[in-house]
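A short worksheet on the structure shown next.
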Amino acid sequence: MKKIKWNSGWLFVLPALIVFIVFKYYPIAMGVGISFFKYQIMSPPGIFIGFGNYIRAFKDPYVLNALRNNFEFWIIMLVLNFWVPLALAIMVNEVTKHTGIIRTMFYIPAILPTVVVTILWKYIWQPDYGLANFLMGKVGLPHQLWLNSTLLVKWCMRFPYLFIFAGLSAGMDFIIYLAGLSNVPRELYESAELDGAGFWRRLFRITLPMIRSTISMLLITNTIAIFNLFDEPKIMTGGGPAKSTETLVLYAFDKAYTGGEFSYATTITTIAFCIVFMLTVMQMRLQRRSDM
Amino acid sequence: MGIIQDNERKSGQGKRIYRCFMGILLLSIPLQILPHLWMFFGMFKDKLEVIAFPPSLFPKVFLWANIGQTFEYFNLWNNIKNTMIICFGTIIVQVTISSTCGFGLSKLRLKYANHLLLFFIGTMMISNQATIIPTFLMMNKWGLINNYLSVILTFSAWGWMVFLFKNFFDAIPDTLLDAARIDGANNLGIFTRIMVPLSLPVFAIAILNTFNVVYSQFMVPLMLLPAKDKWPLMLQIYTATVSAVPWNQIMVLLTTASLPLIVIYIIFQRYIVEGIVMTGIKG
């Protein structure tokens, strides 16, 4: 009987294992851990206060406001953004001539950084000299305050995603949909044509059911992105006007960065993480059921 | 291939829908480019012209001097240097650990390899937003705040990379490895002499995607690199917009930040698109 041989393959896995534990699992565990403390930076983790932070969070009008904002952003995402890349991908997929150049035109923006696009649109929404009010004037509508109006600001913030050229996640989704569409077998369309099914019937009975898993995957990634929303409100409005774009993560960031209340801030990010986690699990369940 | 069949495009409903789609697409291309053209030409306007109402697309005079002034005023080369350090640092660390790990999981017959893979993929649910504050506290304890290493290491743990490499290595036949083992090669030799040369496209996908994602990052450096001289490009741009910097200079900043990505994209389009299709995730 030879001795248990040590597999040197572990040496290949070890560096990644360490990095992932230290920079992913440890911080998330530490975040959950210190959310039960009143954190003191000089003598961490500070005083144990049990669920004190969570009770405070659910009584905090700003947290509730941020949750509502996140939810409103989600609704706006569904109304204004979610269907756009899908519709565009279906249309681009129909192109038969100059396929390469047309696809490239629609691909390029997928890579532009959020910061760049968000700032560009901040310029467009400027009430005094922005392009938006200029165009409003052209079609004879009254000028708006856009980013300074509590009513419009969320819509303005999501509006750039209507444009694939705005880059951001819309461009990503477009590329993924296009890949999904090209995987739908041709034969299905051919036999549907022989059966006399028209364009819309084919679209709703063949195409959309075939790419259903792609749609639900992107729905969940977009939802997760909404509950982690930080960059756009931070850059465009800083959470204003009147806290109408303050999201959970942005509020947590302000609490930690300017307030120094680290444990309360991690409590809020932990709540956001739990929401995302539950949504992801729900999505996996649904997907498994639909695969069967 | 589309829903409409070739013979249908000639007449009837197929023709109508096809015409209609082409019309929408052709109209939307200029509409979508317009904001970016406005950004590009805004770069050359003078600081009153850029906020004139009604706005104009083309500048009256092209003020090329704007670019030089902006670079000098913000010390922009320093920001570009910082961005490059962070991007290439992350590429080196991330691609190294992910490819070796993918090799280990795929080819070296480790126990529990499938469970370990889940352990790595599972981290994709843990967003940077969820871990940023604990990470800040951790880096603070280790004295790594304002050190590029803090950002590089935070970005290096990306579960998708491990998955990408493992999947690709799975497709390489075991017989090649066995032949090399008989010739006396050890695991490291097999990895560097056989696996890496056979998987150059996947390395290209990994490197380009990491570059794009890390280049655009905003929140993590905002938290971990508070010192002005350590800021990457994105932080410099953000700070410029919240202080009273004239818009023409901001347009220079925005154009400067987009250009490298567009150039890289045009050269390496295939790898980038493939990478996006496989990840489904940006940042």
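Quick note on labels: first sequence line is chain A, next is B, and so on, each numbered from 1.
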For [X] versus [Y], what's the shortest heavy-atom pair and its separation?
X      : Y      : answer
A/A16  : B/I97  : CB-O, 3.7 Å
B/M138 : A/M30  : N-CE, 4.3 Å
B/W38  : A/G130 : CH2-C, 4.3 Å
B/S258 : A/L112 : CB-CD2, 3.6 Å
B/Q13  : A/G198 : OE1-CA, 3.8 Å
A/G9   : B/N187 : N-ND2, 4.1 Å

* Count the heavy atoms belonging to other residues, nucleotides or ligands that lie under 6.0 Å from CZ of A/F134, then report whether that count exceeds 12. =>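 Atom CZ in A/F134 is packed in, count exceeds 12.
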Does any non-hydrogen side-chain atom of [Y] lie less than 4.5 Å from one of [X]?
X      : Y      : result
A/Q126 : B/I51  : no
A/I28  : B/P134 : no
A/F12  : B/C101 : no
A/V249 : B/I132 : no
B/L137 : A/Y39  : yes

* To do: Report yes if the distance between the aromatic ring centroids of A/F199 and B/Y18 is under 6.0 Å, otherwise no.
  =>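 That pair fails the under 6.0 Å test.
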* To do: Run the ring-centre check on B/F155 versus A/F23 and record whether the distance is less than 6.0 Å.
  => no
* Asked: Between B/F218 and A/T114, is a side chain to side chain contact (heavy atoms under 4.5 Å, CB included) present by the stated rule, with each step listed?
  -> CA-CA 9 Å; B/F218 170 65; A/T114 321; over 6 Å; no
Pick from [options] with the largest number of heavy-atom pairs that fall under 4.5 Å of chain A:
options                     : result
B/T135, B/L110, B/N140      : B/L110
B/T255, B/N186, B/I126      : B/I126
B/L34, B/L253, B/V50, B/L26 : B/V50
B/A130, B/G102, B/G104      : B/A130
B/L153, B/T154, B/T131      : B/L153

Is chain A contacted by the side chain of [X], its backbone, both, or neither, given a heavy-atom distance below 4.5 Å?
X      : value
B/F120 : both
B/L222 : both
B/L261 : both
B/M125 : both
B/V162 : side chain
B/M161 : neither

* To do: Determine which residues belonging to residues 268-276 of chain A lie within contact range of chain B, meaning some heavy atom pair is under 4.5 Å apart, and list them by number or answer 'none'.
  => A/T269, A/F273
* Against chain B, work out which of A/I21, A/L131, A/V92 has the most heavy-atom pairs shorter than 4.5 Å and name it. =>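 Top option by heavy-atom pairs under 4.5 Å: A/L131.
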* Asked: If you tally heavy-atom pairs under 4.5 Å against chain B, which of A/W200, A/Y177, A/F230, A/Y26 wins?
  ->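 If we count pairs closer than 4.5 Å to chain B, A/F230 comes out on top.
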Can you tell me how far the [atom1] atom of [X] sits from the [atom2] atom of [Y], to the nearest 0.5 Å?
X      : Y      : atom1 : atom2 : value
A/L88  : B/I24  : CG    : CD1   : 8.5 Å
B/M219 : A/L250 : CE    : CG    : 11.0 Å
B/M124 : A/K24  : CE    : NZ    : 10.0 Å
A/S35  : B/I133 : OG    : CD1   : 11.5 Å
B/M223 : A/F253 : CE    : CZ    : 5.5 Å
B/F136 : A/Y257 : CZ    : OH    : 7.5 Å

Contact class of [X] relative to chain B, heavy atoms under 4.5 angstrom:
X      : value
A/K138 : neither
A/V116 : both
A/I206 : neither
A/L14  : neither

* Asked: Got a sec, which residues hit side-chain contact (heavy atoms from CB on, under 4.5 Å) with B/E49, two or more places apart in sequence or on another chain?
  ->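 Once residues adjacent in sequence are excluded, the partners of B/E49 under the side-chain contact (heavy atoms from CB on, under 4.5 Å) criterion are B/K45, B/D46, B/S56, B/P59, B/K60.
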* State which residues pass side-chain contact (heavy atoms from CB on, under 4.5 Å) with B/I264; sequence neighbours excluded, sorted by chain then number. =>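 By the side-chain contact (heavy atoms from CB on, under 4.5 Å) rule, B/I264 matches B/L208, B/F211, B/F268, B/I272.
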* **Verdict with supporting geometry, B/F119 and A/F20, ring-ring contact (aromatic ring centres under 6.0 Å, His included)** => CA-CA 9 Å; B/F119 171 91; A/F20 275 73; 7.3 Å; no
* Structure fact -> Hits for side chain to side chain donor-acceptor pair (under 3.5 Å) against A/N228, two or more places apart or cross-chain, chain-then-number order -> B/S127
* Asked: Pick one: which of A/V115, A/I119, A/T118 meets side chain to side chain contact (heavy atoms under 4.5 Å, CB included) with B/T241?
  -> A/I119
* Give the intermediate values and the outcome of side chain to side chain donor-acceptor pair (under 3.5 Å) for residues B/W247 and A/Y129. => CA-CA 11 Å; B/W247 278 104; A/Y129 45 81; 2.8 Å; yes
* Intermediate values then yes/no, side chain to side chain contact (heavy atoms under 4.5 Å, CB included), A/Y123 and B/M39 -> CA-CA 9 Å; A/Y123 178 53; B/M39 164 178 100; over 6 Å; no
